[in-house]
Novice: 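Have a look at this one before I ask anything.
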Amino acid sequence: MRPILLHGHTRSLTKVKYNRDGDLLFTVSKDAKPNVWFAHNGERLGSYDGHNGAVWDLDVSYDSKRLLTASADNTCRLWGVESGKELFRWNTRTAVRQVAFAQGDRMALYVTDATMGQPSTIWVVAIEEDLENQSDEFERKIIINGPKATVASWGDLNKTIYTGHEDGTITIWDAETGEKIKSVKSHDSVISDMQWAPDYGYFITASKDHTAKIFDAKTLRVMKTYTTQRPVNSAALSPIRPHIALGGGQEAMEVTQIGGAKQGKFETRFFHLPFEEEIGRVKGHFGPINTLAFAPDGRSFASGAEDGFVRIHYFDDDYFEFNYEEESLTA
Amino acid sequence: MAPSVNEPPARNWADDDDDVELDAANEATLGLPETVTVEQPDGTRVTTLWKINDDGKKVKVVRTTRMRLIKSQVNHAVAERKNNWKKFGEVAGIGAGPDSNSTSFAEKVFLKLSSTVKDHDAPPVEEEGDSLKKALAAAAKSKISCRICQGDHWTSKCPFKDTHTPLGDLGAAEVKDSGSDAGAPAGAGLGAGGKYVPPSLRNRGPGEAMPGTGSSDRRDDFPTLRITNLSEDANDQDVKDLVSRFGHTSRVFVSRDRETNVCKGFAFVSFYQKDDAQRALEKLDGFGYDSLILHVEWAKSNRD
């Protein structure tokens, strides 16, 4: 396959995400300018001007009309996807690291960092249809005592909020009351990514302890573990095949070999989900891969790396036909 | 001009001749048949036309055309975005289509899915079954010879690429040296390659080896050289290529670390002919190979 190379960012990528329909790819990076691209050909549709610091996270509404971004300039902003205009801003005391629309897009959460004496906090705000009524008051505030939250997302039907922490703990919070429901420490190091399965029955986490794990949503039991030799920065689940993709890499200063000029050596690794075995790799990035996302139809995936590039890969036909021997045995 | 029924349906302007009337006249005078369009029962149109090409030959062109209307269902919102949304932000005002500043195609990458992937970092295992490939590779090999070391690889793939002095040239330098003033000290201090040779090793004919190498290892009673300061990248084939140009070798042993399989830095080469070994010693000692200077000497056997 020939990946489409997007070079619209001048600094390393922090997040790439497809919209629900899969035709748009949103990318944010440390360069303060989120971009949106057409996924089918990599054509840039636009950029969102306004942030003054690194943008750590993004989320897009179900109808692809609104975009939320979380930034290190102490703001969380709401944008009109089509117009590129900023619609609303929440000011915070510290950098905002995570942001997520709730299912239904009527609420959102954002997570502020634990710096300058402030504790790591999850803020839940209401999103109004008519932005005249939009207020920046929070509906709920959950203060995290202890290791700060590095990833956060809504659980099924917005009843719960799931967070991953910098010591490897996963916590479930009640979204209504803010109480901690459950907490499990399965990883040994900071959780860098958390992505849900489409049915919200399980999710996959990526951690700097060189592993990625699949957790059952209700019990937080570890269902699968995938081990690599490098810190895993991002993990994604294929919507149509029993595969997962992991992206990570060494810190830049540990790299001793200079890669070839045209193509880097950092790879996205594919694992078989139930068998936990590595089945293939895709090379190309010049720096550690920070973020991965499968397109909703599972026929392509996008990766963003430290090198400032985003690569959209459309799978060749043989990807869809690959099966283990055991898988092709008919019952 | 509205196309008449007899003209071909989708007329490419590039195919049009400049002077249509002239051609019509030509057709009439040269007696070429008229163009005919036939509708086939399966919906295709077959057009047959005759013309004279540049060589003056009569040419019959048969064009088969099928028109097909492809309908695909697209998500309404997706179509809306694709067709109607205007660009904004940094790309406002840029025309339709990917901008080459921000979008390009990268080099081809391959995702080869395999259930038996063990360790990608290890060198790929050769597939035994590819005998045809091997035969082809062998055939190709015999015709390729490197200008630098005369091995059977391309010059640009030569392991001694960085030496700048092809081994052939060393021989030429040798001839030149003997002819010039440097010829005088040749016998005294300089060896064949213009290199200093200590007195104990001078004036040796092919028959004389270093004292103490009389009784060699039983495994090889042949003159054996020891090559040290080999680079880590050297594998058996590289060393073989390196020495094979001096003569047939009975044994080439490259020492490897047991776990990492990397070359430990030295190798033993046994030649059939003593003078092959002598020439190899003279040429390879001090030879730059993969950024290290090789050191070659007669192998000391019967170590304690």
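Note that the coordinates shown come from a computational prediction; the quantities given were computed from them, not determined experimentally. Naming: A, B, ... by sequence-line order, numbering from 1 per chain.
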Novice: Identify the heavy atoms of A/Asn41 and B/Thr103 that sit nearest to each other, and give their distance.
Specialist: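 Reported closest heavy-atom pair: O-CG2, 3.6 Å.
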Novice: Taking B/Asn75 for the side chain and B/Ala77 for the main chain, is one N or O donor matched with an acceptor at less than 3.5 Å?
Specialist: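 Side chain of B/Asn75 to backbone of B/Ala77, a donor-acceptor pair under 3.5 Å: yes, one is there.
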Novice: Is A/Ser64 close to chain B through its backbone or its side chain, or both, or neither, when contacts mean heavy atoms under 4.5 Å?
Specialist: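 For A/Ser64, heavy atoms of backbone and side chain both lie under 4.5 Å from chain B.
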Novice: Taking side chain as everything from C-beta outward and backbone as N, CA, C, O, which of these in A/Phe315 sits under 4.5 Å from a heavy atom of chain B? Side chain, backbone, both or neither.
Specialist: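 A/Phe315 touches chain B through side-chain heavy atoms alone.
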Novice: Answer with side chain, backbone, both or neither: which region of A/His9 has an atom nearer than 4.5 Å to a non-hydrogen atom of chain B?
Specialist: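 Contact with chain B: none, neither part.
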Novice: Count the heavy-atom pairs under 4.5 Å between each of A/His7, A/Arg2, A/Lys85, A/Arg44 and chain B, then report the option with the highest count.
Specialist: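 Most heavy-atom pairs under 4.5 Å with chain B: A/His7.
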Novice: State the CG-CD1 distance between A/Leu6 and A/Ile312, to the nearest 0.5 angstrom.
Specialist: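 Here the rounded value is 4.5 Å.
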Novice: Identify which of B/Lys87, B/Arg81, B/Lys86 forms the greatest number of heavy-atom pairs closer than 4.5 Å to chain A.
Specialist: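 Winner by heavy-atom pair count: B/Arg81.
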Novice: Below 4.5 Å from any heavy atom of chain B, which atoms of A/Phe322 appear? Answer side chain, backbone, both or neither.
Specialist: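 For A/Phe322, the side chain is the part near chain B, not the backbone.
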Novice: Does any backbone or side-chain atom of B/Lys82 lie under 4.5 Å from a heavy atom of chain A? Answer side chain, backbone, both or neither.
Specialist: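 Both backbone and side chain.
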Novice: Between A/Glu278 and A/Arg281, does at least one N-O distance fall below 4.0 Å, as a salt bridge requires?
Specialist: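 Between A/Arg281 and A/Glu278 there is a salt bridge, with a charged N closer than 4.0 Å to a carboxylate O.
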Novice: Contact part of A/Lys33 toward chain B, heavy-atom cut-off under 4.5 Å: side chain, backbone, both or neither?
Specialist: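 Contact with chain B: side chain only.
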Novice: Please answer whether the main-chain N or O of B/Val252 pairs with a side-chain N or O of B/Thr249 as donor and acceptor at a distance below 3.5 Å.
Specialist: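 No: the side chain of B/Thr249 does not pair with the backbone of B/Val252.
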Novice: What part of A/Val36 gets closer than 4.5 Å to chain B, counting heavy atoms only: side chain, backbone, both or neither?
Specialist: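 Contact with chain B involves the side chain of A/Val36 alone.
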Novice: Taking NZ, NE, NH1 and NH2 as the nitrogens, is one of them in A/Lys283 or A/Glu267 under 4.0 Å from a carboxylate oxygen of the other?
Specialist: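 Between A/Glu267 and A/Lys283 there is no salt bridge, as every charged N stays at least 4.0 Å from the carboxylate O atoms.
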Novice: Can you say whether A/Asn19 sits under 4.5 Å from chain B via the side chain, the backbone, both, or neither, judging by heavy atoms?
Specialist: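 When you check distances to chain B, only side chain atoms of A/Asn19 fall under 4.5 Å.
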Novice: Would you compute the distance between atom NE2 of A/His243 and atom CZ of A/Phe275 and round it to the nearest 0.5 angstrom?
Specialist: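 If we round to the nearest 0.5 Å, A/His243:NE2 and A/Phe275:CZ are 10.0 Å apart.
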